[in-house]
Number of protein chains: 2
Amino acid sequence: MKPETSPACICARLRRAARAATQDYDAALAPLGVNVAQYSLLRHIQRAAPVNLTDLAALMQLDASTLGRNLRVLDKNGWTRAATGRDRRARHVALTDTGRDVLNRAAPLWRAAQDATAARLGAEGQTALFALLDALDTSNPQPESIRR
Amino acid sequence: MKPETSPACICARLRRAARAATQDYDAALAPLGVNVAQYSLLRHIQRAAPVNLTDLAALMQLDASTLGRNLRVLDKNGWTRAATGRDRRARHVALTDTGRDVLNRAAPLWRAAQDATAARLGAEGQTALFALLDALDTSNPQPESIRR
DNA sequence: GTGATTTATCGGTATATACCGGCTTTATGA
DNA sequence: TCATAAAGCCGGTATATACCGATAAATCAC
């Protein structure tokens, strides 16, 4: 007679875990007025800039229209800037100085949340978790040993 | 020289995985006009009804105001009904007949998505994933063997 | 080279999510 | 009992998320 504590739906479990982690990281980053979705977006831009919205969306596996809207918030805060290049359809996004500064100051706050989370998993647990999340990713081909 | 394919941020990885799984399950459930968040909410209500919003929110680890708003969509669709009981502050939620019917018809669609997802993990992978997500859950006490 | 197609982005719409403050109702305590 | 505290919910606000259709620009096909 187990009281059925948490849902057996893999998706629901992932969503629940993502919500919880989001709140932890958001709380850690709150002093800088940035949340983890924004932090993640800033980091991706930092690594990929200059990059257009479509490529950035693919990189983050985010819907392009979602990315566009999320980006407006960063733009509004003066953290990013988008410019039209030779291809006048595309907008190339990059960090502003302010954006870089926010990222630098956010890094230790992110680190604290990451360390606290990692401690709950243990080093092996984190590796295992990443492997499992990779296995879930349908954009990754399944390894030969599993496929079929 | 590894090209840094996916973020090392545990939170970002969880969010990405949750987004992807959500899209898979949503696509599977789409023929019934229900998404996985709604399906999950309906299932929780089915198991817990009659239940008030606060308890249901705690059960799902959802913010109570979020739950209240999500519930309005179900109400609007005629799938749930909320009634005030003796305690006039609390609203007790339960499925309607229509809601039960939607759940019954959605079950095989959910099952298909769940099976496809589970197949990517393997039986052991799913067990391992659930254990890791439990370990992340700060509302669960850490087992003696891990704590400190 | 011009018409068809594809690509990049945007806007409308709907939903999910959370924080905060306020209101109503219940419980508590002196 | 009556003042105070606590509980339960709602509304405002902000953001994240995705689908669809529209628009503009580049590319392709002939």
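Worth saying up front: this structure is predicted, and the values here are computed from it rather than measured. Each chain gets a letter, A, B and so on, in the order its sequence line appears, and its residues count up from 1.
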Fill in the blank from the handout: Among C:dA18, C:dA16, D:dT17, the one nearest any side-chain atom of B:Arg19 is D:dT17
Practice task
Could you tell me whether a side-chain N or O of A:Asp26 sits under 3.5 Å from a main-chain N or O of A:Val36, the two making a donor and an acceptor?
Solution key: yes
Handout entry: Base of D:dC9 paired with side chain of B:Ser65 (donor-acceptor, under 3.5 Å)
Key = no
Exercise for the section: Considering just the side-chain nitrogens and oxygens of A:Asn52, establish if one lies under 4.0 Å of OP1 or OP2 belonging to C:dT9. Expected result: yes
Handout entry: Value in whole Å for how far the C1' atom of D:dC19 lies from OH of B:Tyr25
Key = 21 Å
Exercise for the section: Pull out every residue in residues 85-111 of chain A that has a heavy atom closer than 4.0 Å to any atom of DNA chain D, ordered by number, or say none. Expected result: A:Arg86, A:Asp87, A:Arg88, A:Arg89
Practice task
Rounded off to whole Å, could you give me the CZ-to-C1' distance for the B:Arg72 and C:dT15 pair?
Solution key: 13 Å
Exercise for the section: Look only at the side chain of B:Asp63 and the backbone of B:Ser65, and say whether a donor-acceptor pair between them is shorter than 3.5 Å. Expected result: yes
Handout entry: Whole-Å gap separating P (C:dA16) and OH (B:Tyr39)
Key = 16 Å
Practice task
May I have the distance from B:Asn35 (atom CG) to D:dA16 (atom P), rounded to whole angstrom?
Solution key: 20 Å
Fill in the blank from the handout: Heavy-atom nearest pair, B:Pro50 first then B:His92, reads CB-CB, 4.3 Å
Practice task
Would you mind reading off the distance between B:Leu56 atom CG and D:dC9 atom C1', rounded to a whole angstrom?
Solution key: 14 Å
Handout entry: Given C:dA16, C:dT9, D:dC19, the nucleotide with the shortest approach to the side chain of A:Asp63
Key = D:dC19
Problem - Hydrophobic cluster identity match, B:Tyr39 and B:Leu109, side-chain contacts under 4.5 Å - result: yes
Fill in the blank from the handout: Separation of D:dT17 atom P from A:Leu71 atom CG, nearest Å, is 13 Å
Handout entry: Ion pair check, A:Arg100 and A:Asp97, cut-off under 4.0 Å
Key = yes
Handout entry: Contact nearer the 5' end of DNA chain C, comparing A:Gln23 with A:Asp55
Key = A:Asp55
Practice task
Flag yes if A:Val73 and A:Val51 sit in one hydrophobic cluster, no otherwise; membership is Ile, Leu, Val, Met, Phe, Trp, Tyr, and two members link when side-chain heavy atoms are under 4.5 Å apart.
Solution key: no
Handout entry: N/O donor-acceptor pair under 3.5 Å between B:Gln46 side chain and B:Leu95 backbone
Key = no
Handout entry: Sugar-phosphate, base or nothing in reach of A:Arg69, heavy atoms under 4.0 Å
Key = base
Exercise for the section: For D:dA14, take OP1 and OP2 only and decide whether either is under 4.0 Å from a side-chain N or O of A:Lys76. Expected result: no
Fill in the blank from the handout: Taking Watson-Crick and G-U wobble contacts under 3.5 angstrom, with | marking pairs to another strand and [ ] crossing pairs, the secondary structure of DNA chain D is written ||||||||||||||||||||||||||||||
Handout entry: DNA chain C: 5'-proximal contact among A:Ala20 and A:Ala64 (nearest heavy atom)
Key = A:Ala64
Handout entry: Note: A:Asp137-B:Arg120 ion pair, threshold 4.0 Å (strictly below)
Key = no
Practice task
Please evaluate the base of D:dC9 for a donor-acceptor partner in the side chain of B:Thr54 within a cut-off of under 3.5 Å?
Solution key: no
Problem - With B:Arg19 via side-chain contact (heavy atoms from CB on, under 4.5 Å) - residues at least two apart - result: A:Leu62, B:Arg15, B:Arg16
Exercise for the section: Measure the shortest side-chain to side-chain distance between A:Val93 and A:Asn52 over non-hydrogen atoms and say whether it is less than 4.5 angstrom. Expected result: no
Problem - Spacing between B:Leu67 atom CG and C:dA16 atom P, to the nearest angstrom - result: 11 Å
Handout entry: Side-chain donor/acceptor contact of B:Thr66 with base of C:dA18 under 3.5 Å
Key = yes
Practice task
Send over the distance from B:Asp26 CG to C:dA16 C1', rounded to a whole Å.
Solution key: 11 Å
